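Written out below as structure tokens is the structure these notes cover.
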Amino acid sequence: MYHYGNFSQNFLWGVSSSAYQIEGAWREDGKGLSIWDKFTHTPGKISEHDTGDVACNSYNKMEDDIAALKKVKVSHYRFSISWPRILPDGTTKYINQAGLNYYKKLLDSLIAANIEPQVTLYHWDLPQALQDVGGWENETIIERFKEYADVLFENLGPKVKLWITFNEPFVITVLGHVQGAHAPGLNDRPDTLPYIVGHNIIKSHAEAWHVYNDKYRASQGGLVSITVNSDWAEPRNPYKQEDYEAARNVFYLGWWAHPIFNGDYSPLVKKSVLDQSLAGGLTKSRLPEFTPEEIKRINGTYDYFGLNHYCSVLAFPVDFGTTQHFEADRGVVVISDRTWLETGSVWLRMTPFGLRRLLKFIKDEYRNPPIIITENGVSENGPVDLNDVHRKYYYEKYINQVLKAYLLDDVNIIGYTAWSLLDNLEWGVGYTERFGLFYVNRTDPDLPRTPKASVSFYSSIISCNGFPDPASGPQECWNPTPTIQNVWSNSTETTQEAQVESMCQLNRSCFLLTSISLFKYLLANTTSGYLSN
Ligand code: GAL
């Protein structure tokens, strides 16, 4: 059911992008190499051998991007800074002025277009030179990240009011350091590495927040936070208590949000890792501990809650025996309901109801923080069709759920950001999955941006600041999308399964599948398997 109404007067409406996915110019003007440059150039890592060498060439096509943003009529634009473009070897030994100038120009152009920037410090493209000395595993990274943040706040801070330290620590940790499906491609220590990496990310975030708080907040008056990603997890079987518990033990949010919003790792995360460590014969937990001083320093290092959300999952528990592995610690497998509407990405099925539930969960769990949705969106693959009915459908239904959370559940939601401005490099699946409001024709060397039908649709929701009641008179700002049957005209379960087969390379789409195959492997190798119960 629709809910009619408006968001708050100064609600932030935006679209999002990230440096590696759009900028290109991978070796221009003194930029250093990142772990994604190296990863995409490693054979077999990315679908179709795609790379971000050129991407959407946003480094050289700033005017086109600003024109696209103006067309959507957003109030803010979220983009990320390429760390090696500013600090080629990751350290402040040498600051690349050309890199800083590029971002200064981008910020000036946005401000001139009356678009507020929201800047992410780290959207996954670590300088390769830092990876060479251990990357997020080496705790000296905390000092490096702090110095990098300081350089950005000092040089760009006067033009920025909204900052995000990290995009999606869960994905950095699990896809990059457990599965190896993302750069830096590590999967050799799934028992310990995610926790070491996660620990250093949380501390790095906190240090960057303190730098801003101590040195820049008074003069610049901006907000700094972190963006965590979370699916909404429902129990696979609503009649089973253990499925409810599994749905609460997926580790998406609490691993990060609990130390930052409530102080220390959550009791649930601590207990899960400890129990599994002891079951494996260890004498203590594989989860590192924060000292009391660290807990104090990390707690409260937020100015709002940044949330990326795409879909929901069904969770159920699995006993992995004594296996020492991140997946065994959470002891959960997630699947989709096959009745949920499919998209261009196998991991993403349309489940608008989950967003409202997740927002209410955040309100209750973290004492009603102001929330900015920093990513939400949907993909297609296959032939190009600029009439992207599925995307209109997705945005309408999801944003309406956000409105319900705001008006009916009193969630303090202050902004919404669509992913993404452009069809861009979708990490492990290259350019095959397209999340953009604008189509980028990759067969034309000029990479022109063409609006899909969803541009004017999203723009009309922005102009209306929500969904005004049609009963209040004729309105030009927004019209409902077609019914669900018309969203994918030629969609069948078989095509979706075929997509799964063809897309199951080492990429994010296989997160679900790798969990399941790990599960199957463990079943075959343990006597106390789930199926035997
Ligand atoms: C997010 C990520 C984005 C984009 C999006 C769609 O996890 O932050 O960069 O790739 O997913 O898959």
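Order of listing sets the numbers, starting from 1, for every ligand and every atom in it. Small disclaimer: the values here were computed from a predicted structure and weren't measured.
- Residues in residues 350-359 take part in these salt bridge (Lys or Arg N to Asp or Glu O under 4.0 Å) pairs, two or more places apart or across chains: E234-R357, R356-D409.
- When each atom of ligand 1 is checked for a heavy atom of W427 under 4.0 Å away, the hits are 3 (C), 4 (C), 9 (O), 10 (O).
- The closest approach between H123 and ligand 1 falls below 4.0 Å for a heavy atom of the residue.
- In this structure, the ring of W83 has its center less than 6.0 angstrom from the ring center of F145.
- Ligand 1 is approached by N167 to a heavy-atom distance shorter than 4.0 Å.
- Remark: ligand 1 and W419 share no N or O pair separated by less than 3.5 Å (distance only, no angle test).
- Backbone and side-chain nitrogen or oxygen atoms of S18 are examined, and none is located within less than 3.5 angstrom of a nitrogen or oxygen of ligand 1.
- Using a 4.0 Å cut-off to heavy atoms of W347, the atoms of ligand 1 that qualify are 12 (O).
- H76 meets the ring pair (Phe, Tyr, Trp, His ring centres under 6.0 Å) test with no other residue; sequence neighbours excluded.
- Of all atoms in ligand 1, numbered sequentially from 1 with element shown, those under 4.0 Å from a heavy atom of F435 are 6 (C), 12 (O).
- Close approach of ligand 1 to E426 (heavy-atom distance below 4.0 Å) involves ligand atoms 4 (C), 6 (C), 10 (O), 12 (O).
- Those atoms of ligand 1 with a heavy atom of Q21 less than 4.0 angstrom away are 3 (C), 4 (C), 9 (O), 10 (O).
- Because its NZ or CZ atom is both nearer than 6.0 Å to the ring centre of F316 and within 45° of the ring axis, R236 counts as a cation-pi partner of that residue.
- Counting only N and O atoms by type, the side chains of S82 and Y103 include no donor and acceptor under 3.5 Å apart.
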>> Is there a ring-ring contact (aromatic ring centres under 6.0 Å, His included) between F166 and W256? Walk through the geometry before answering.
In response: CA-CA 11 Å; F166 285 86; W256 322 103; 9.1 Å; no
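- In this structure a side-chain-to-backbone donor-acceptor pair under 3.5 Å is present from N381 to G344.
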